[in-house]
Amino acid sequence: EVAVSWRPSAEFAGNLYKGEGILPASPQDVWECIKPVAGGLRTKWDQNVKDFEVIEAISDTVSVCRTTTPSACMRVISPREFVDVVVMKQYEDGTMLSAATNVEHPLCPPQPNFVRGFNYPCGCFCIPVPGEPDRTELLTFFQTDLGGYLPQTVVDSFFPSSISGFYSNLTKAVKALKA
């Protein structure tokens, strides 16, 4: 199960969405499925990620990445591309974090056939559940300007169901990883 909540963003004229759920897998397995790396598993299970590439690796934990998405909502939302600076961190308690925000990069100008979207500060936290090594609390934060000329009502109806689908598909992915 996932709980999705939102409030107006302080960053742009849209919403900040928060997803919260417990996944039936270890934090390491959840992280393996969501970590933002080239050739990672996310493009295989996340229906909102078509491609993910590292434009520039700044360090082992910081990179500039380009993510593309397929069309959505019966093609009302055309394919998007996002260019973000991404940081990954692991804390002493075992929590793993991926955080990102939009950035411009000379090696990644806007591409034809994509609308450039913008991620404002967002991220995923894989948090160990004390005493339950095969359960992970996953907190996600999304505040995305999809760009283009979409009515806000379309965006507002897309995100909650998209986040719910993210958790459902991730649960299936971690179960498949363990099988």
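Source: prediction; values computed, not measured.
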Passes side chain to side chain contact (heavy atoms under 4.5 Å, CB included), Ser26 versus Asp29? Steps please.
-> CA-CA 5 Å; Ser26 69; Asp29 286 348; 3.4 Å; yes

Between Trp45 and Ile34, is a side chain to side chain contact (heavy atoms under 4.5 Å, CB included) present by the stated rule, with each step listed?
-> CA-CA 9 Å; Trp45 64 265; Ile34 67 169; 3.7 Å; yes

Chi angles and distances behind the side chain to side chain contact (heavy atoms under 4.5 Å, CB included) call for Val2, Glu20 = CA-CA 5 Å; Val2 60; Glu20 305 176 75; 5.8 Å; no

Is there a side chain to side chain contact (heavy atoms under 4.5 Å, CB included) between Thr136 and Ile22 once you walk through the steps?
-> CA-CA 5 Å; Thr136 302; Ile22 302 288; over 6 Å; no

Audit row: Arg80, Ser78, side chain to side chain donor-acceptor pair (under 3.5 Å) steps and yes/no | CA-CA 6 Å; Arg80 289 333 200 227; Ser78 57; 2.8 Å; yes

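A donor atom on one side chain and an acceptor atom on the other are found under 3.5 Å apart for Ser162 and Asn48. Asp156 and Asn15 share a side-chain donor-acceptor pair at under 3.5 Å.
The closest side-chain heavy-atom distance from Glu137 to Leu139 is below 4.5 Å. Side chains of Cys108 and Arg116 form a contact here, defined as non-hydrogen atoms less than 4.5 Å apart. When side chains are defined from C-beta on, Pro121 counts as touching Glu11, because their heavy atoms get closer than 4.5 Å. In this structure, Leu177 and Leu41 have side chains that are in contact, with non-hydrogen atoms separated by less than 4.5 Å. In this structure, the side chains of Leu138 and Thr140 come closer than 4.5 Å at one or more pairs of heavy atoms. Using a 4.5 Å heavy-atom threshold, the side chains of Asp84 and Cys65 count as separate. In this structure the side chain of Phe142 never reaches within 4.5 angstrom of the side chain of Val4, judged on heavy atoms. Between Met96 and Pro27 there is a side-chain heavy-atom pair separated by less than 4.5 Å.
Rounding to the nearest 0.5 angstrom, the gap separating the OG1 atom in Thr67 from the CG atom in Asp46 is 9.5 Å. The OH atom of Tyr167 lies 7.0 Å from the CG atom of Leu23; values are rounded to the nearest 0.5 Å. Once rounded to the nearest 0.5 Å, the distance linking CZ of Phe82 with OG1 of Thr101 reads 12.0 Å. Residue Phe125 holds its CZ atom at 8.5 Å from OG1 of Thr95, rounded to the nearest 0.5 Å. Distance CD/Gln47 to OG/Ser168: 8.5 Å, rounded to 0.5 Å. The NZ atom of Lys35 lies 8.0 Å from the CE atom of Met88; values are rounded to the nearest 0.5 Å.
A distance-only check finds no donor-acceptor pair linking the side chain of Gln143 to the backbone of Phe141 [under 3.5 Å]. Side-chain N or O atoms of Ser59 include one that pairs as donor or acceptor with a backbone N or O of Thr61 at under 3.5 Å. Put simply, the side chain of Asn169 gets close to the backbone of Gly165: a donor and an acceptor are under 3.5 Å apart.
The two residues Ser63 and Ala57 have their closest heavy-atom pair at CB-CA, 4.1 Å. In terms of heavy-atom proximity, Asp93 sits nearest to Pro128 at O-CG, 3.3 Å.
Through direct or indirect side-chain contacts shorter than 4.5 Å among Ile, Leu, Val, Met, Phe, Trp and Tyr, Leu107 is connected to Ile55, Ile58, Val62, Val64, Val83, Val85, Val87, Val103.
Under the 4.5 Å side-chain contact rule for hydrophobic residues, Val54 and Val37 do not share a cluster. A continuous path of ILVMFWY side-chain contacts below 4.5 Å connects Leu150 to Phe158, so both sit in one hydrophobic cluster. Ile163 and Val30 end up in the same hydrophobic cluster when Ile, Leu, Val, Met, Phe, Trp and Tyr side chains are linked at under 4.5 Å.
Taking the side-chain contact (heavy atoms from CB on, under 4.5 Å) definition, one finds that Thr68 meets it with Lys50, Asp51, Arg66, Glu81, Phe114, sequence neighbours left out. Take Tyr17 and apply the ring-ring contact (aromatic ring centres under 6.0 Å, His included) test, not counting sequence neighbours, and it matches Trp6, Phe159. Every side-chain contact (heavy atoms from CB on, under 4.5 Å) that Ser71 has, sequence neighbours left out, goes to Arg75, Pro79. Considering only residues two or more places apart in sequence or on other chains, Asp145 meets the side-chain contact (heavy atoms from CB on, under 4.5 Å) condition with Phe12, Phe118, Tyr120. Listed by chain and number, the residues in a side-chain contact (heavy atoms from CB on, under 4.5 Å) with Cys122 are Ala100, Asn119 (sequence neighbours excluded).
Heavy-atom contacts from other residues, nucleotides or ligands closer than 6.0 Å to CG of Asn113 number 12 or fewer. Remark: Glu104 CD is loosely packed, at most 12 non-hydrogen atoms of other residues, nucleotides or ligands lying under 6.0 Å away.
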